[in-house]
Amino acid sequence: MAWRFMSNFEWELDPDIYGDRHYNAFTREFYPSLEDLMGSDATMVTEEDTDSAILFGTLRGNVVGLRYYTGVVNNNEMVALQREPNNAYDKNAVKVNNANGDQVGHIKKELAASLAYIMDNKLAVVEGVVPSGAKNTFTMPVQLSFWGKAENKQAVLDRLNMQGFNLAPPGKISEFSVGTSKKYGKAGTSYSAPVHAAVQMTTEQLKTEFDKLFEDLKEDDKTREVEAAKAVVTPLLPHQKQALAWMISRENNKELPPFWEERENYFYNTITNFAEKTRPENVLGGILADDMGLGKTLTTIAVILSNFHGGKPLPVRQKSDQLKIFPIKKCVPAVKKDQEAPRIGLQLNASDTKESESLPSQSSRTHPKRAMGKKPKYTVSSDSEPEEQNTEIMETKVQKTPPATRKRRKASCDIQEDKAFASALEEPAISSKKTKKKGVVTIQHKKNEGEETLGTTLIICPLSVLSNWIDQFEQHVDPGVHLNIYVYYGSERSKDPAVLSRQDVVLTTYNILASDYGARGNSPLHKLKWLRVVLDEGHTIRNPNAQQTKAVLDLDAQRRWILTGTPIQNSLKDLWSLLSFLKLKPFTDRDWWHRTIQRPVTMGDQGGLKRLQSLINSITLRRTKTSKVKGKPVLKLPERKVFIQHITLTDEESQMYHSVKNESIAAVKRYFNDRSVLTHYADVLGVLLRLRQLCCHPWLCTSVSSSSDTEANSTPEELRKKLIEKMKFVLSSGSDEECAICLESLNFPVITHCAHVFCKPCICEVIQREKTNAKCPLCRKEVGLENLLECPSEELDSEKKPGQEWVSSSKVNALMHALIKLRKQNPAVKSLIVSQFTKFLTLIEIPLKESGFAFARLDGSMTRKQRVRAIQQFQSNAEGSPTIMLLSLKAGGVGLNLTAASQVFLMDPAWNPAAEDQCFDRCHRLGQKQDVVITKFIVKNSVEENMLKIQEKKKELATGAFGNKKSSSETKINEIKTLMDL
DNA sequence: ACCGCCGGGTGCC
DNA sequence: ACCGCCGGGTGCC
């Protein structure tokens, strides 16, 4: 493989990054509220809660001016209404469009006058269906439905009434349109307004329904297996072969997209009843939503290497061939496996930037002609055959041996059996088609007759997994295959589209993509038509307003993939961005998505749910760790046992604990009496924090400035102090905060007056973009550059207890006892020591050193480079490698692999049981060979035991993807009572 | 006839 | 539009 890596300084030094974060990412209140801490994820401040809309009623109107527009409709077809305030004849104009967005006509002016007011003031969403008369020449009727918040109903009725229009109540029309829909057939496509509240499902039911969506995903072509091309050296597991087969069949599929039928030369959408002559393009891709650890990355690499240009596997060249033909060894040092991390940087140096674009190893395989043209530049090897000869051999090979190539293909891959294979051969990729016709050799995917090219795949991922991709390409791809991979990252990245288009794979991050996109006209990524775009951790684009999302949606690609472990994180809303990326008509338009799926499903409409189900089923593949393939679990992991070890405090510790506890209870009781628990919520959390710390070690509990007496209207200076205190509190309490804007871990954190923390560059960008009325992305309160507070970063972890003699604690003793016992049994055994308090980890280092344990450490404050080192050292089985990893609970992301450990010691319980589980998965994952034993230390009769109780409740409540209803203030209060034994 | 009626011209917003 | 509307032509029965 030829690697090129354009990078900034840090990356050149050390490009390998391991995941240091993962999803969830959304709302991190600066003060983590209980429900944040306990994992009922995310309460993103949504613009409007469209889900609470009810149907006000319906009204029959007229569409006029049909003959002036090209848009046509069918009887019973849905139409969209769109305001046209700049219409020269009538500022109240309301356009009527079909599902394709083509204008059909206008709403007649009298009615438009009413509608304009209603629509402009957002009193209601107005939707239309043309019940009949679709083929009329001049006007046609339209049945309008008015949806909105209950409190706006009267205003809408009044407004319509002013002009003499009366809404028919919802019930009535329901009957009416059931009648019409029967007439026009097609169950499940009637637009009968669902009678509000009649079939309202509970959140719980909805959740269950969603889970069901994924249950049927295992049948039919989703269980067919396909071998990867030989270029993939790692054997695929059965479920990965299934995913490969499914992905290839998706990429090559020739069927109509979901909800489209062919009827007498027309393509007919069964949801909107829209019809058109031109065939709607199917999604050549979809959503791979496997749980983490099932190998989405490997599977994707297999797809890239097995299905370029539609169905053809990549032939593997024998090493001898390649050496004979291409004098590469001097230009590009072969990438040695197990080489040290900086290899990419070295590679860059070795290959020299200005030449790198025409390195033979990169261009020769796929672009022989091009390579020939540039020959003098790169044919540096003097010890190989003369240039002419090289060329000849190359030509000869290419031209004379296509049958052999085919044979090899046949042998190495089943894909050709796919019916799409044949058709794919007839239809070469876009770029090569172009070049064939013109016969020019100017751009990349040029090749000789019969020579395959991959086509360029763009992979976009969070920075934290970028290096994982690089690693995995190296691990899984035959070194004999010269895959051109360009890491589009860092200030040196080439903005030349031609450079990118001649790659097989371009890797970049969401942030780079978004920032290029922001710099208008200077995004080469947006100038190319990619063979394939892959979004890793694809839920990153679930916020439709985020710059990243917009940048991603604007990419031009033939095949589109979303990789995610969490396809529907909060609600259906998240799905829209994904569908929009997949370019699935008509859901690409948010209004249509909302109207045809989101609202019906939220209201409990069965038809809507059916549609959603079949939609998901057709574009998604999801397996969980517990999914089975042919009766066997996809992952057979070693066992995982969790033990709780109860700790009894010494008298001295207990005394201290209880004195603090009594003090706290008194304070909290006061809040209860004042009914001000929630306003003092932060203080309560602070008090709880102290108690938790005391359970671990007395030194953890530094004087938390009891801010209980600060009032809301304190002086600016007090406010400032308080906010900074808050920021420090959270940053130091072990929760690895993320910036809600870039979704990365905080880089140069600042706090707003509304107490939300972002990266300084991120929030500054937001403020600059929105100018005067900039709002906090999390709570929509106004923010300005002048009231951002920076964290006096240096003080964070520097306070030590100088000169004080080491004092242990009951918990530390228990830990050390266990570790020493383990070491006696097996000196090689490796353990994770996990805490939410990084300071506690620091304290634990003392007895570890005393007892001669070699340890590594991983926490949020470390640089990437430090982390990589720590992980490498710990994972190594070399003599003298650390047997202990001190791990901050939330450090690392999904990619973090600590399978060398078979023991986990959880020093303090987490608020969120899911966070614990995730942490355990760092070692209990693919690659773990031993049973994993987890020990949770819990101090008896303490806040820790109470936390366990709440964890249990949380687990019951949240056994699924949708158990994230915001916990009520009542729940919060009850939780506080439980925690404090009140 | 400062009306009615006729019939041609015409037509979204 | 096989309508409505406009405005010019016209005018007892």
Side-chain angles (χ1 to χ4, degrees), chain A residues 53 55-148 152-153 155-168 173 176-177 179-180 183-184 191 193 266 269 272-278 585-586 588-596:
Chain A
L55 179 60
F56 296 160
T58 62
L59 177 68
R60 194 163 168 117
N62 282 301
V63 187
V64 296
L66 302 183
R67 58 166 158 169
Y68 299 100
Y69 305 100
T70 52
V72 289
V73 291
N74 295 306
N75 285 340
N76 227 25
E77 181 169 334
M78 293 177 164
V79 288
L81 272 62
Q82 186 191 2
R83 279 283 284 123
E84 191 185 17
N86 294 326
N87 186 295
Y89 300 91
D90 183 357
K91 60 178 168 42
N92 290 326
V94 176
K95 292 205 289 182
V96 177
N97 303 331
N98 67 17
N100 213 24
D102 300 325
Q103 183 169 1
V104 177
H106 277 107
I107 291 292
K108 207 164 147 60
K109 61 179 180 298
E110 294 79 8
L111 182 52
S114 285
L115 292 189
Y117 178 85
I118 290 165
M119 292 167 81
D120 293 347
N121 292 293
K122 301 211 167 22
L123 296 175
V125 168
V126 190
E127 294 172 355
V129 174
V130 174
S132 58
K135 300 290 168 263
N136 292 356
T137 323
F138 305 102
T139 70
M140 60 172 69
V142 60
Q143 194 71 30
L144 301 175
S145 318
F146 293 74
W147 299 83
N152 292 329
K153 180 170 180 175
V156 170
L157 293 181
D158 290 349
R159 186 73 199 187
L160 287 165
N161 216 273
M162 267 167 60
Q163 327 268 331
F165 300 109
N166 289 306
L167 278 193
I173 180 56
F176 167 75
S177 70
T180 46
K183 201 166 163 188
Y184 294 95
Y191 306 108
Y266 275 92
N269 186 291
T272 59
N273 289 334
F274 172 76
E276 63 183 336
K277 270 247 162 73
T278 50
K585 278 211 276 186
T588 313
D589 182 295
R590 194 133 62 122
D591 290 340
W592 285 105
W593 158 253
H594 186 253
R595 175 175 176 180
T596 55

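Note on naming: letters A, B, ... go to the chains in the order of the sequence lines (proteins, then strands), and numbering restarts at 1 for each one.
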Report the distance from atom CD of E110(A) to atom C1' of dC5(C), rounded to the nearest whole Å.
13 Å
Using the C1' atom as the reference point in each nucleotide, state the distance between dG8(B) and dC12(B) in Å, no decimals.
22 Å
Ring-base stacking, F138(A) with dA1(C) (5.5 Å, 30° cut-offs)
yes
Please give, in whole Å, the distance from dC13(B) P to N92(A) CG?
12 Å
NE2 of H106(A) versus C1' of dG11(B): gap in Å, rounded?
15 Å
Please state whether the base of dC13(B) and the side chain of D90(A) form at least one donor-acceptor pair under 3.5 Å?
no
For atom C1', what is the distance between dT10(B) and dC5(C), given to the nearest Å?
9 Å
Looking at V73(A), is its backbone amide N or carbonyl O close enough to the side chain of K135(A) to form a donor-acceptor pair, meaning the two atoms are under 3.5 Å apart?
yes
Please list, chain by chain and in numerical order, all residues satisfying side chain to side chain donor-acceptor pair (under 3.5 Å) with N87(A), sequence neighbours excluded.
E84(A)
Atom CG of N136(A) and atom P of dC3(C): how far apart are they, to the nearest Å?
15 Å
With both distances kept under 3.5 Å, what pairs with dG11(C), Watson-Crick or G-U wobble?
dC3(B)
Length of the line joining L81(A):CG and dC13(B):P, which is rounded to integer Å
14 Å
Can you sort out which residues in residues 94-103 of chain A have a heavy atom within less than 4.0 Å of DNA chain B? Ascending by number, please.
none
If we ignore hydrogens and angles and just use 3.5 Å, is the side chain of N98(A) paired with the main-chain N or O of V72(A) as donor and acceptor?
yes
Who pairs with Q163(A) by side-chain contact (heavy atoms from CB on, under 4.5 Å), at least two apart in sequence or on another chain?
A113(A), S114(A), R159(A), F165(A)
Tell me which residues in residues 62-72 of chain A put a heavy atom below 4.0 Å from DNA chain B, sorted by number, or none.
V64(A), G65(A), R67(A), Y68(A), Y69(A)
What integer distance in Å separates M140(A):CE from dC12(B):C1'?
13 Å
Gap in Å between the two C1' atoms, one belonging to dC6(C) and one to dA1(C), rounded:
15 Å
Among V94(A), N62(A), L59(A), which residue meets the side chain to side chain contact (heavy atoms under 4.5 Å, CB included) test with L111(A)?
L59(A)
What is the distance, rounded to the nearest whole Å, between atom CG of N87(A) and atom P of dC13(B)?
10 Å
Could you check whether any side-chain N or O of R83(A) sits under 3.5 Å from a backbone N or O of Y117(A), counting only pairs where one atom can act as donor and the other as acceptor?
no
Contacts of type side-chain contact (heavy atoms from CB on, under 4.5 Å), residue A124(A), not counting sequence neighbours:
F56(A), I118(A), F146(A), V156(A)
With sequence neighbours excluded, residues passing side-chain contact (heavy atoms from CB on, under 4.5 Å) with Y266(A)
A275(A), K277(A)
Can you tell me if N100(A) uses its side chain to pair, donor with acceptor, with the backbone of D102(A) under 3.5 Å?
no
